[in-house]
Amino acid sequence: MKSFHSSVTDLRQPFAGTVETFGYECGWADEAIFFVTAERQTPADAEVDLRVQLSADGVRWLDEGSGLRLAGPGEEFVRVRHFGGFLRLVGVISGPDPRSVLTVRLALKG
Amino acid sequence: MSRTDGLPGWFRPLPRLLTADDFDTGMCGWLDLRPNFVGPDFAAHDQEIDLEHWGPVMLSSATYPFSGTHGSAAGTYSLRLCTRYPAAEPDRPPAPGSMSLAIKRLSLPEQAGLLRVEALIAYTTEQDRPGLGVDAMRAFGLMIDLQDDDHRFMPGVRFVNTAGGVPQRRWQFYSRTTDDDATWSYGREGWHQAGIDPQWFGVRSADGSTSATTWFDGLGQQPIYNETDDKINWMPFSLTVDLDRRAYHSFRFGHRRYRFPADVGPTLAPPYAGIDHLLNPVFFVETDADRRVSLYVDSVVISYAEADDLVGPMSARSEGGEE
């Protein structure tokens, strides 16, 4: 039987302008899904563009190539495979003085 | 069959093994300690301090930029608690995200008289800048949330490594507080009893003291921390609690055994509704700076002894050899 673990890596985490989620170690897993919920946005229709990043050491990060976009409150997901040992999301929030409160749930299986 | 069959030689469990968690097989029931989401829109109940943003716990291979993968004491994976940052000053309540806490939610065996939690522990500061980062680590430790028929109480030990940038390198244990409930809970009355959740409540001081901690007498202790932030060493940790007396029995870390003063114990609070005979061990780590710090825990073994186990020459009490 495979292992499964879901971590709420960022719970209602406030971001201003840019986003950098918690760098999470998960080398045991073969596959991952980031579920991202935009809880609150300023302005209300602010767009959040997020890129998946991976890392050799949990310190230095590189774009993985996939990502997701949220416009206003809502929820999206992105699937990731073959990612090595560490995962996180980075990105930007659009608009003047933009702010966003995000919840990130990372579902892992392997 | 010996009670230590199958366990690495580090461990000296009491006669009755409750759980033995090797993180090469998964999280083994350890998860993030989070508040109660019972408010409108699932808001957290606690508002006095931010309990929502502690760093999440992970299965770790202990991999670093220059040394590569350490693995665990026996195998590849350990349980990693990793903070966010920055820290608050040590005489202030913990800052949002400045801790990481891992909890396992169990219940007490019916006849348990002594309870022991053992683990192998290593720790390091994130190697995100050159130099030795040991003083970015404020503290780590273990707290055990317990409730019997009459009281809720939380014995535990905390290693204060650095407080406000000043090295401390000494252990303290959770002891009875004289705070009233409001002072304990940073001004809020009506929910938290004084002495409950000493890992983040209680009046704090600049040297890492709190209104519910007592320093062990004698010299401090320098745990192994190598000359770089990407080398770790596994060290044995063992805390034993006397459940009948609601007091401490013994504590051992590395090569040091600590003696508790007579008649000391944690604060005895009134019981809370719905959690009779709860047994929740909680490991925690705290940053002292603007950096992530990590506590690694491998192969947690929880064991206990009943009264009949504690008599005779081969008793758990004498075999433990810690008094």
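Labels below follow one simple rule: chain letters A, B, ... track the order of the sequence lines, proteins then strands, and each chain is numbered from 1.
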Asks: Answer yes or no: are there more than 12 heavy-atom neighbours, outside A:Phe77 itself, under 6.0 Å from its atom CZ?
Replies: no

Asks: With a sphere of 6.0 Å drawn around CZ of B:Arg92, does it hold more than 12 non-hydrogen atoms of other residues, nucleotides or ligands?
Replies: no

Asks: Are more than 12 heavy atoms, taken from residues, nucleotides or ligands other than A:Glu75, located less than 6.0 Å from that residue's CD atom?
Replies: yes

Asks: So, for B:Pro65 and A:Asp57, which heavy atoms are closest and what is the spacing to 0.1 Å?
Replies: CB-OD2, 3.5 Å

Asks: Using non-hydrogen atoms and a 4.5 Å limit, figure out which bit of B:Glu126 sits close to chain A: side chain, backbone, both or neither.
Replies: side chain

Asks: Looking at every non-hydrogen atom in both residues, tell me the closest pair between B:Phe42 and A:Arg12 and how far apart they are.
Replies: O-NH2, 2.7 Å

Asks: For A:Val8 versus B:Asp32, what's the shortest heavy-atom pair and its separation?
Replies: O-OD2, 4.3 Å

Asks: Side chain, backbone, both or neither: which part of B:Thr83 has an atom under 4.5 Å from a heavy atom of chain A?
Replies: backbone

Asks: So which heavy atom on B:Arg80 is nearest to which on A:Phe86, and how close?
Replies: NH1-CE2, 4.1 Å

Asks: For a quick test of reading the model, state the closest non-hydrogen atom pair linking A:Ser3 to B:Thr25 and the distance between them.
Replies: OG-O, 4.4 Å

Asks: Can a salt bridge be assigned to the pair B:Arg84 and A:Asp10 using a cut-off of 4.0 Å between side-chain N and carboxylate O?
Replies: yes

Asks: With a 4.5 Å cut-off on side-chain heavy atoms, are B:Arg34 and A:Leu11 touching?
Replies: yes

Asks: Find out whether the Lys NZ or Arg CZ of B:Arg292 is both under 6.0 angstrom from the six-membered ring centre of A:Phe22 and within 45° of the ring's axis.
Replies: yes

Asks: Indicate yes or no for a side-chain donor-acceptor contact from A:Glu25 to the backbone of B:Ser61 under 3.5 Å, with no hydrogens or angles considered.
Replies: yes

Asks: Could you look at B:Tyr77 and say if it's the side chain, the backbone, both or neither that has a heavy atom under 4.5 Å from chain A?
Replies: side chain

Asks: Flag the one option from B:Ser60, B:Gly26, B:Gly55 with the top tally of heavy-atom pairs under 4.5 Å to chain A.
Replies: B:Ser60

Asks: Which heavy-atom pair separates B:Asp128 from A:Val59 by the least distance, and what is that distance?
Replies: CA-CG1, 3.9 Å

Asks: Heavy atoms only, distances under 4.5 angstrom: which of B:Leu31, B:Thr76, B:Asp41, B:Val57 has the most pairs with chain A? Name it, please.
Replies: B:Val57

Asks: What do you reckon, is OH of B:Tyr186 surrounded by more than 12 foreign heavy atoms closer than 6.0 Å?
Replies: yes

